[in-house]
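Written below as structure tokens is the structure these notes are about.
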Amino acid sequence: MKFVRQFGGGSAEGRATDKALLGGKGANLAEMASLGLPVPPGFTITTEVCRHVMAHGAGSYPPGLDAEVAEAMTQVESLTKARFGDPTQPLLVSVRSGAPASMPGMMDTILNLGLNDQTVAALAQRSGNPRFAWDCYRRFVAMYGEVVMGVVAPSEHEDLAFDRLLEDVKRKHKAQRDQDLSEAALREAVGLFKAEIQRATGQAFPDDVTAQLWGAIGAVFASWNNPRADYYRKLNGIPAAMGTAVNVQAMVFGNLGDDCATGVAFTRNPATGANELYGEFLTNAQGEDVVAGVRTPEPIAALAAKQPAAHAELVRVAKLLEDHFRDMQDLEFTIQRGQLFMLQTRAGKRTGRAMIKVAVDLVGEGVLSPRDAVLRMEPSKLDEVLHPMIDPKARPPAIAKGLPASPGAAIGKIVFTASAAAEWAQRGETVILVRTDTSPEDIHGMKAASGILTSRGGMTSHAAVVARGMGKCCVTSCTALRVDAAKRTCAFVGGGQEIKLKEGDTLTLDGSTGEVFLGPAPLVPAQLGSELDKLMEWVDSFRRLKVRTNADTPADARTARSFGAEGIGLCRTEHMFFQPERLLAVREMILAGNEAGRRAALAKILPMQRSDFAELFTVMDGLPVTIRLLDPPLHEFLPHTPAEMDEVAAAVGVPRQAIAAKVAELTEANPMLGHRGCRLAITFPEIYEIQTRAIGEAAAEVARAGIAVHPEIMIPLVMVPEELRRLRELVARTFAAAIGDAQIPVTIGTMIELPRACVVADQIAAHADFFSFGTNDLTQTTYGLSRDDAGRFLTTYIESGVLPSDPFAVLDPEGVGALIELAVRGGRSVVPNLKVGICGEHGGDPSSVGFCHRAGLDYVSCSPFRVPIARVAAARAALADAAPAGSKK
Ligand code: PEP
Ligand code: MG
């Protein structure tokens, strides 16, 4: 077994396709080296070794690894004409993580490894720049002290000891910025850092370069399991078992002088998708300075003036890499004495808006086929472009402006630490996380926040990159902002005034312009551009599944149609009764003591339902509209407070005690398994009878107005075929009578929401024109997990890995899915072309939509905002189906 793969000098022992073994960074470094691009030589220790370490404990490596590392090091030495630990011509290396899936900034990195008191002198001499050598050394000692030896900040509010010591040195030597520190000051910093390591850990900083190397390798492997990496993996569904690779690579220096720089670039604009080389660089700086957001970098365009040759080379390499990978790339580079070196390339993280534009442009440029463009899409990213933005006609004046790091609008209460963001969000508050800059430790707070605002950092700072990945609104580099996290206050300073704010005050962010507004700004629905239309045209040409919407109101139905819904898959009629005057009528009906009382209440309900249905039919204009007859879990509709009981008592004309007694009688221990769904109509058929009449009369009325109507009447929670047989007969008879001589095609079907119904689906199908899987209830009843209560402990199940995900959000293919497959087979064995759909929440989840495609369903139905996501997921599932194995590109 070979655990180490080399790259550099125009060749490599790996390719871009070896990500599982070499990690994303290692695989692409190998690819770039093979393409003859300027990559400093190095080697990758494979993910196999990480898995070995996870199985056998830290520091326990597979036999032979040390020999392989030593041999690879010799190769790097010969390519760089330097030697590791050599007192005259020392080789310095970086040691970086690189997992198969991108996890930006979540794991550890060490630069300038190989420095000690001898080699630093050699570096000083060879570079002719002692200040530079000591600057590298102080960075290395601090990084090594933190990452390998574990000298960390005492708390979220406090600085790292090394940062504090550096500030002391700066003050003492009257240096404003890090760059102003003299060689003597840097020497002093190194001494203080080493003393701090000794004090904090009881161990000396190692001078031996081989010990340094193995310490760093061990720390990078260990960082695979640090809490922030763990959290990030859970957030993004990355399996913990895959492990990270470690890349050891010869150092190149962006901090040797003003003809040096370091930067990151995207081959296209990651926020808008515009076709322009986009990014930032810092002159005379080392790699981590850009991402850390400590100094605000310059835009890449400025590089053309400062270093024209290196800029031209970067443009050439960027184009070559984009063409090679056929996708927008995110590049890391260093310019050493005018010469460009590439340190990383990977598919660039982008906003939903950029995802759409880049895909459409690449197809237009002939780089991608529409099929590839759709396969590259992340369906859930569409969410961002569909959500509201600040009303352009009613924009309040901004109080500050930063960089538009990740688009969208966010309104929220401000908090100053990640923990506060998580706590407030847990309490149901919408928050904006306000920081000087963010670091990977803040990731849980960024996830919890609806927007992120930082005073420092550029477009590629941690905050910006992570926020874009999460599709979260973010404004960085808001220089007017001063944050005092310890006091939980901040201030916006500028134009001779100061606006002071404290935790809990409200701000609005516009991540598309970088503007910050005091208080809540007015929002309007998003405008979808022609590029999205184009992309969705391709999407629709590939998919087989139809996509409908769950809508109870004409407004929802209209929104869904604008997003491409092809019908209503679920109208929950009980949701039409949430307004107070309507709720009262439903309560009267539920609490009536006899049929006459129920009919009196239903008589009030009939006209309301009729007009609702007529409006829905009109909006849907001939598209199918599935109306589910009443399914009220009684606990959601009973009056609870004395005032509510008084109200019903007055309406029915009985004393409150009578109502209270009836409520007590109807209260169930297990309402979700109680007198709900079609059970209600088996006992009180008049309920479905009146609802059906309302549907029929509305359909006839709309049809008379010349609008095509296509109602589908759906009976919920069927457990035995006899329920459906009886109710179907009632519904068919009532509907026929209600429409009179109008010609209206109606179908009558059932929801499949119980395991028993799945098992006897063949018998149920004998009475059904269609099935619609109510996977909310089907999940609840298959798992025996209460939909209403399981949230309290499901998080623990998911966080501790007992469950891979929330089964109410992501359809469980093995259990619930197997029941669905059984029911589809059973149903179609009796009615071969039985129409089958899904209307539980899973209908809008991309992986669940994929399952529905494979299970042979005809349609999925989901909430209006998820309709485009479901369309894309359906197309991707169809394409994955059609693609021969292994040719997903
Ligand atoms: C379901 O159970 O999946 C469903 C759509 O019905 P409801 O959520 O209204 O119970
Ligand atoms: Mg249900």
Side-chain angles (χ1 to χ4, degrees), residues 547-553 556 560 565 567-578 586 624-637 668 670-681 687-688 691 712-719 723-724 727 749-758 761 764 768 770-791 806-813 815-817 819-820 823-824 836-845 848-849 851-852 855 857-864 866-867 870:
V547 178
R548 297 192 188 184
T549 191
N550 294 359
D552 315 317
T553 64
D556 280 355
I568 290 181
L570 174 64
C571 166
R572 291 176 164 103
T573 45
E574 62 279 4
H575 286 193
M576 298 170 135
F577 296 114
F578 284 157
V586 176
V625 177
T626 308
I627 296 170
R628 177 178 75 186
L629 300 180
L630 211 61
D631 174 16
L634 286 182
H635 64 308
E636 285 178 20
F637 284 87
E668 295 173 310
N670 240 334
M672 287 306 253
L673 301 178
H675 196 191
R676 61 175 285 222
C678 68
R679 297 162 196 175
L680 210 59
I687 297 178
Y688 280 12
Q691 282 200 294
E712 302 182 330
I713 302 177
M714 181 156 81
I715 317 256
L717 217 74
V718 164
M719 59 184 178
E723 289 170 320
L724 188 60
L727 294 172
T750 181
M751 291 187 77
I752 302 284
E753 302 181 270
L754 299 170
R756 188 179 198 285
C758 295
I764 291 177
F770 64 88
F771 280 178
S772 176
F773 288 98
T775 45
N776 303 332
D777 276 310
L778 189 56
T779 300
Q780 164 168 265
T781 49
T782 301
Y783 277 78
L785 266 179
S786 160
R787 287 162 70 163
D788 295 332
D789 307 311
D806 179 348
F808 290 107
V810 180
L811 191 94
D812 151 45
V816 179
L819 284 168
I820 291 177
V824 172
V836 182
I838 175 181
C839 63
E841 281 310 299
H842 305 92
D845 165 66
S848 312
V849 172
F851 172 87
C852 293
L857 266 55
D858 296 298
Y859 69 87
V860 296
S861 186
C862 56
S863 62
R866 291 167 94 189
V867 165

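Each residue takes its place number in the sequence, starting with 1. Counting convention: from 1, in listed order, for ligands and their atoms alike.
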| query | How close do C758 and F773 get, heavy atom to heavy atom, and via which atoms? | reply |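 Shortest heavy-atom contact: SG-CE2, 4.5 Å.
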
| query | What are the two closest non-hydrogen atoms of L629 and P716, and how far apart are they? | reply |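 Taking every non-hydrogen atom into account, O-CG, 3.6 Å.
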
| Qualifying residues under side-chain hydrogen bond (donor to acceptor under 3.5 Å, both in side chains), relative to D777, sequence neighbours excluded |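 Scan of D777 (side-chain hydrogen bond (donor to acceptor under 3.5 Å, both in side chains), adjacent residues dropped) gives R676, Q780, R787.
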
One pair per line, please: each N/O atom of ligand 1 matched with every protein N/O atom under 3.5 Å away, atom names first, then the distance to 0.1 Å.
residue	atom	partner	partner atom	Å
ligand 1	2 (O)	E753	OE2	2.9
ligand 1	2 (O)	D777	N	2.9
ligand 1	2 (O)	D777	OD2	3.0
ligand 1	3 (O)	G774	O	3.3
ligand 1	3 (O)	T775	N	3.0
ligand 1	3 (O)	N776	N	2.7
ligand 1	3 (O)	N776	ND2	3.2
ligand 1	6 (O)	R628	NH1	2.9
ligand 1	8 (O)	R572	NH2	2.7
ligand 1	8 (O)	N776	ND2	2.9
ligand 1	8 (O)	R787	NH2	2.8
ligand 1	9 (O)	R572	NE	2.7
ligand 1	9 (O)	R572	NH2	3.4
ligand 1	9 (O)	R628	NH1	3.0
ligand 1	9 (O)	R628	NH2	2.9
ligand 1	10 (O)	R676	NH2	3.4
ligand 1	10 (O)	D777	OD2	2.9
ligand 1	10 (O)	R787	NH1	2.8

Donor-acceptor contact below 3.5 Å, side chain [X] vs main chain [Y]:
X	Y	result
D845	V810	no
T781	E753	yes
H842	F808	yes
D631	E574	no

| field | 2.8 Å shell around the Mg ion (ligand 2), exclusive bound, protein N/O/S atoms | value |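 Near the Mg ion (ligand 2), the number of protein N, O or S atoms below 2.8 Å is 2.
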
| message | Test of understanding: with salt bridge (charged side-chain N to carboxylate O under 4.0 Å, His left out), list the residues that count as partners of R756, not counting sequence neighbours. | response |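 Result, salt bridge (charged side-chain N to carboxylate O under 4.0 Å, His left out) vs R756: none returned.
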
| For T626 and R548, does a side-chain donor sit closer than 3.5 Å to a side-chain acceptor? |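 Yes, because at least one side-chain N or O of T626 sits under 3.5 Å from a partner of the opposite role on R548.
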
